[in-house]
Structures are given as structure tokens and as C-alpha cells.
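As C-alpha cells, the structure follows; a few thoughts come after it.
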Amino acid sequence: MTVASAQQVTSVHITVQKEVPFGQSVKVIGGHPNLGEWNLDNALPMEWSEGNVWRADVDLPAGEWEFK
């Protein structure tokens with residue numbers, strides 16, 4: 001019998017201020033499936049808001065995750 005341990009999940013809020021040309025977007029990519037596993041086609045899209053501020057929220061297991 002296998003007992004699965006509950007993994008703690010943390011909600012991460014990512015905010016970036018970046019002006020990009022009209023029609024382009026900003027995405028977050030990283031080493032977790034919720035961040036696209038370094039595959040740009042699966043990267044997390046960010047939402048634009050006033051002042052060229054881009055935001056994204058993602059749930060990740062507790063620990064260290066690389067992203068850019």
C-alpha cells in the first residue's frame with residue numbers, strides 16, 4: 001500500500017513592469033509544469049494593466065523553482 005503525502009502548495013504572485021510593442025505579450029517560463037517546463041508554447045501568460053504592469057498568479061509546490 002502506498003500513502004501519498006499532501007504537498008504544500010503556495011500561490012505565487014509575479015509582477016513585472018515592462019513596456020512592449022502593441023500586440024506583444026509577456027510570459028513567465030520555468031521548470032515546473034505550471035510554468036511551462038521551459039517550453040515557451042506552455043509558458044504562463046501575464047495580464048497587462050495600466051502603467052505597463054504585467055501580472056500573473058500561479059500555484060506551485062513549496063520549494064525553489066527557477067523561472068524567467
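FYI, side chains are in, hydrogens and waters are out, and symmetry mates aren't considered; it's all heavy atoms of this structure.
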(request) Determine whether W48 and V16 fall in the same hydrophobic cluster, where Ile, Leu, Val, Met, Phe, Trp and Tyr are linked whenever their side-chain heavy atoms lie under 4.5 Å apart. (result)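 They do share one cluster, since a chain of ILVMFWY contacts under 4.5 Å joins W48 to V16.
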
Going by the rule side-chain hydrogen bond (donor to acceptor under 3.5 Å, both in side chains), which residues pair with [X] if we only count those two or more places apart in sequence or in a different chain?
X	value
W65	none
N42	none
T10	none

(message) Using modelled atom types and a 3.5 Å cut-off, is there a donor and acceptor pairing between side-chain atoms of Q17 and backbone atoms of G51?
(response)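 Confirmed, Q17 side chain pairs with G51 backbone.
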
Only pairs under 3.5 Å count here: list side-chain donor-acceptor contacts from residues 18-41, not counting sequence neighbours, and write none if there are none.
from: H32; atom 1: ND1; to: N34; atom 2: N; distance (Å): 2.9
from: N34; atom 1: ND2; to: D59; atom 2: O; distance (Å): 2.6
from: N39; atom 1: OD1; to: D41; atom 2: N; distance (Å): 2.9

About how many Å separate [atom2] of [Y] and [atom1] of [X], when rounded to the nearest 0.5 Å?
X	Y	atom1	atom2	result
F67	L44	CZ	CG	10.5 Å
L60	Q8	CG	CD	12.0 Å
I14	R55	CD1	CZ	12.5 Å

(request) Write down the atom of P45, the atom of A56, and the distance for their closest heavy-atom approach. (result)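 Closest approach of P45 to A56: O-CB, 4.0 Å.
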
